[in-house]
Colleague: 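Before I ask anything, here is the structure I am working with.
Both counts, for ligands and for their atoms, begin at 1 and track the order of listing.
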Amino acid sequence: MTSQLPALNQWVEEIAELTQPDHIHWCDGSDAENAKLIEQMLADGSLLKLNESTHPGSYLHRSHPDDVARVEHLTFVCTTERDDAGPNNHWMAPDEARAKMRALFTGCMKGRTLYVVPYCMGPIDSPLSRCGVEITDSPYVVANMRIMTRMGQAALARIEREGQFVKGLHSTGDLNPERRFIMHFPESLEIQSFGSGYGGNALLGKKCHALRIASHQARSEGWLAEHMLILGIENPQGKKHYIAAAFPSACGKTNLAMLIPPEGYVRDGWKITTIGDDICWMRPGADGRLYAINPEAGFFGVAPGTSAKSNPNALASIQRNTIFTNVAVTDDNQPWWEGLDKRVPVTDWKGNPFNAEAGTPAAHPNSRFTVSAKQCPSYAPEAEAPAGVPISAIVFGGRRASLVPLVFEARDWTHGVLIGAAMGSETTAAATGAVGVMRRDPMAMKPFCGYNFADYFAHWLSFDKAGAKLPKIFHVNWFRKGDDGDFLWPGFGDNMRVLEWMLKRVAGSVGSQETPIGHLPNPADINLDGLALNDEAMQKLFDYDRQGWAAEFASIGEYLEEYGPRMPEALKAEQQRICGQLN
Ligand code: GTP
Ligand code: SPV
Ligand code: MN
């Protein structure tokens, strides 16, 4: 098979020439094709069948133990000008990067099949959607792309019609971390990824296309590509709002997107529905509001911590037709991870007998599930709407053990952009490297913005113009800890209480405490019924520590300075104004 687009056929031929595969397969996305790939992976051992009666149609993939997370130090944005990538990215000159990758890709598919994977990010018929083609030699990648994107025939038809697509080239190579690079060429809409089979490094539609390349493209086309969940929230009167929230990797997007409200709320008629759990593309509509789509079709979610108590919707989603990566296995061949339940697995994520005494987790902390969004009980039909959904509130948040209160609201758009730019969070297992280290992660985009953060903040600021009806901006922290080291806020379903307060603020029905860092809630305006928060919790969740924030704002000022004169004056002025109020 080939396509009706000469440019695509020519590119596939060129890559085949370079990589020397034994076979070329154009993916149509059909069930039969998927069944064949699965059969082949079962035969070669790259997939293991899980318990068919408890988890029908589900499989386990164990990755190479050195290939379990994104590799930020090996991820590059290759723009002509170094400054266009910015201090927030690793940069390599495009020619140098291309030469390096050409050497790695030469002959790398000998003995393998080259898969051509046409995909569409977003509903097939949405004007906000964008297409790409990933060439890969990994059947695991193909199976995952089929779940995570609209992959196959319909995407190819759109690509043929439009004539434009992002070119992604991927090979697992020999999985040697010394020969691993994730290169982005945003100016020519190209991605080249070598030496990893892990999600964010290998499923090129996700972080590489839908965030790094798309953010670059969005800047010139007047829209935003963000690391955000999108949820729908319906009040007892039947009025529906949509909220988008940016939290860094493994900081609660999937959980918030699938939230089940506390009992009293459900009884009263509140409902949360899920549009997306990781990526949000939004642009202003004719009415001045921001309209958002989820460019993905599935969830590549963190397994550890997912339980019937913390996230029943996720757990229900992954009972069938799910690919698990790097989880543990029970004696009756069911997938298992820390936080799921009290059972003790027999096999760890590497396939070794599990030794509970050793003190190391059975599932990898970044073990994941891949599942179609359609299997999620809370999945909203509007997620398929070509026009997207109008956003009423944007939420930023990080994992902050100290200082940052439960919730506060920006005074206006500029202040909100500063709150996003100033985001800090403790690192997690989603990327290789140390865990629990506080770093700046503006808008949860530190690893994903395909251009200079200074220009990115300027782009965000530019949405505040005549006729715009922009969402309110909030900041949350579910992860504040007490002196005993435990979380002070129950989190998960109880986060509904904070969402309700946000809607009251959107409606203008409650006041707030005006502070230099923004509007803090009057605790009486947040429904805390049934929660037994002690004095320490009340104080740390709802007060702000002036001295601590003065130090934080000084550090935010230093951070903004790292970007030099490109940093928008309006943002620096806002930071300085707040500094002045705090000191
Ligand atoms: P990526 O897929 O990496 O972008 O992550 P994500 O932001 O979707 O994170 P996810 O919702 O999967 O949560 C990651 C971890 O945070 C899990 O172990 C959750 O159990 C935990 N978590 C999520 N929400 C909360 C919360 O409200 N409170 C607490 N304490 N932990 C939470
Ligand atoms: C993240 O790390 O933010 C993820 C997982 O959502 S990955 O797709 O691997 O980037
Ligand atoms: Mn993510």
Colleague: Looking only at protein heavy atoms, which one is nearest to atom 2 (O) of ligand 2, and what is the separation?
Modeller: Arg70 NE, 2.9 Å
Colleague: Return yes or no for this condition: an N or O of Lys206 is under 3.5 Å from an N or O of ligand 2.
Modeller: no
Colleague: Going by the order shown, which atoms of ligand 1 are within less than 4.0 Å of some heavy atom of His227?
Modeller: 4 (O)
Colleague: Measure up the Phe457 and Phe453 rings against each other and bin them: parallel (under 30°), tilted (30 to 60°), perpendicular (over 60°).
Modeller: parallel
Colleague: Taking only heavy atoms of Ser249 into account, list the atoms of ligand 2 that are under 4.0 Å away from them.
Modeller: 1 (C), 2 (O), 3 (O)
Colleague: Could you go through the side chain to side chain donor-acceptor pair (under 3.5 Å) check for Thr325 and Tyr140 one step at a time?
Modeller: CA-CA 10 Å; Thr325 300; Tyr140 167 80; 2.6 Å; yes
Colleague: Considering non-hydrogen atoms of the protein only, which is the closest contact for atom 13 (O) of ligand 1, and what is the distance?
Modeller: Gly252 N, 3.3 Å
Colleague: Say whether Tyr198, considering both its backbone and side-chain N or O atoms, lies within less than 3.5 Å of an N or O atom on ligand 2.
Modeller: yes
Colleague: Is the backbone of Ala421 close enough, under 3.5 Å, to the side chain of Arg440 for a donor and an acceptor to pair up by distance?
Modeller: no
Colleague: Under a 4.0 Å heavy-atom limit, does Trp489 contact ligand 1 with its side chain, its backbone, both, or neither?
Modeller: neither
Colleague: Specify whether Phe448 and His227 have parallel, tilted or perpendicular ring planes, treating 30° as the upper limit for parallel and 60° as the lower limit for perpendicular.
Modeller: perpendicular
Colleague: Can you name the atoms of ligand 1, numbered from 1 with element, that are less than 4.0 Å from a heavy atom of Val302?
Modeller: 12 (O)
Colleague: Please work out the angle at the Mn ion (ligand 3) defined by atom NE2 of His227 on one side and atom NZ of Lys207 on the other, rounded to 10°.
Modeller: 90°
Colleague: Measure from the Mn ion (ligand 3) to every N/O/S atom of Asp278 and report the name of the nearest one.
Modeller: OD1
Colleague: For Ser249 and Arg70, test the side chains for any donor-to-acceptor distance below 3.5 angstrom and give the result as yes or no.
Modeller: yes
Colleague: Does a donor on one side chain sit under 3.5 Å from an acceptor on the other, for Asp441 and Ser425?
Modeller: no
Colleague: Considering only heavy atoms of Gly200, which atoms of ligand 2 have at least one such atom less than 4.0 Å away?
Modeller: 7 (S), 8 (O), 9 (O), 10 (O)
Colleague: If we count only N and O atoms by modelled type, under 3.5 Å, do the side chains of His209 and Tyr119 hold a donor and an acceptor together?
Modeller: yes
Colleague: Starting from atom 1 (P) of ligand 1, what is the nearest protein heavy atom, named by residue and atom, and what distance separates them?
Modeller: Ala250 N, 3.4 Å
Colleague: When you check the side-chain N and O atoms of Ser196 and Asp67, is any donor under 3.5 Å from an acceptor?
Modeller: yes
Colleague: Would you call Arg497-Asp529 a salt bridge at under 4.0 Å N-O?
Modeller: no
Colleague: At the 4.0 Å heavy-atom cut-off, does Cys251 count as touching ligand 1?
Modeller: yes
Colleague: Tell me the nearest of Glu338, Lys253, Arg368 to atom 2 (O) of ligand 1, using heavy-atom distances.
Modeller: Arg368
Colleague: Relative to the heavy atoms of His227, which atoms of ligand 2 are at a distance of less than 4.0 Å?
Modeller: 3 (O)
Colleague: Which residue owns the protein heavy atom closest to atom 19 (C) of ligand 1, what's the atom, and how far is it?
Modeller: Asn255 ND2, 3.7 Å
Colleague: Could you tell me whether some N/O pair between Asp278 and ligand 1 is separated by less than 3.5 angstrom?
Modeller: yes
Colleague: Just which atoms of ligand 1 are under 4.0 Å from any heavy atom in Phe487?
Modeller: 30 (N)
Colleague: Check ligand 1 against Thr254 and write out every atom of the ligand that is under 4.0 Å from a heavy-atom position of the residue.
Modeller: 6 (P), 8 (O), 11 (O), 12 (O)
Colleague: Using a cut-off of strictly less than 2.8 Å, determine whether Phe300 has an N/O/S atom near the Mn ion (ligand 3).
Modeller: no
Colleague: Ignoring hydrogens and angles, state whether a donor on the side chain of Tyr198 or Asn366 is under 3.5 Å from an acceptor on the partner side chain.
Modeller: yes
Colleague: Does Gln334 use its side chain to pair, donor to acceptor, with the backbone of Leu50 at less than 3.5 Å?
Modeller: no
Colleague: Hey, is Glu72 close enough to Arg439 for a salt bridge, meaning N to O under 4.0 Å?
Modeller: yes
Colleague: Is there any N or O on Asn495 that sits under 3.5 Å from an N or O of ligand 1?
Modeller: yes
Colleague: Where is the nearest protein heavy atom to atom 1 (C) of ligand 2: which residue, which atom, and how far?
Modeller: Lys207 NZ, 2.9 Å
Colleague: Answer yes if the side chains of Asn311 and Thr306 hold a donor-acceptor pair under 3.5 Å, and no otherwise.
Modeller: no
Colleague: Which residue and non-hydrogen atom of the protein lie closest to atom 16 (O) of ligand 1, and at what distance in Å?
Modeller: Arg399 NH2, 3.3 Å
Colleague: So, does Thr427 use its side chain to make a donor-acceptor pair with the main chain of Ala434 at under 3.5 Å?
Modeller: yes
Colleague: Does the pair Glu296 and Lys253 meet the rule for a salt bridge (Lys or Arg N to Asp or Glu O under 4.0 Å), with working shown?
Modeller: CA-CA 14 Å; Glu296 301 191 280; Lys253 289 183 300 302; over 6 Å; no
Colleague: Report yes or no: does Arg368 have a heavy atom closer than 4.0 Å to ligand 2?
Modeller: yes
Colleague: Just jot down the ligand 2 atoms closer than 4.0 angstrom to any heavy atom of Ala430, in number order.
Modeller: 2 (O)
Colleague: What do you reckon, does Pro248 put a non-hydrogen atom under 4.0 Å from ligand 1?
Modeller: yes
Colleague: Please could you name the atoms of ligand 2 that Asp278 approaches to less than 4.0 Å, counting only its heavy atoms?
Modeller: 6 (O)
Colleague: Should Phe448 be counted as touching ligand 2, given the test is an N or O pair under 3.5 Å?
Modeller: no
Colleague: So which heavy atom in the protein is nearest atom 32 (C) of ligand 1, and how far is it from that ligand atom?
Modeller: Phe492 CZ, 3.2 Å
Colleague: Has the side chain of Ser193 got a donor or acceptor atom that lies under 3.5 Å from a matching backbone atom of Asn201?
Modeller: yes
Colleague: Would you check if there is a donor-acceptor pair between the side chains of Ser367 and Asn326 at a distance under 3.5 Å?
Modeller: no
Colleague: Return the residue, atom name and 0.1 Å-rounded distance of the protein heavy atom closest to atom 18 (O) of ligand 1.
Modeller: Pro304 O, 3.1 Å
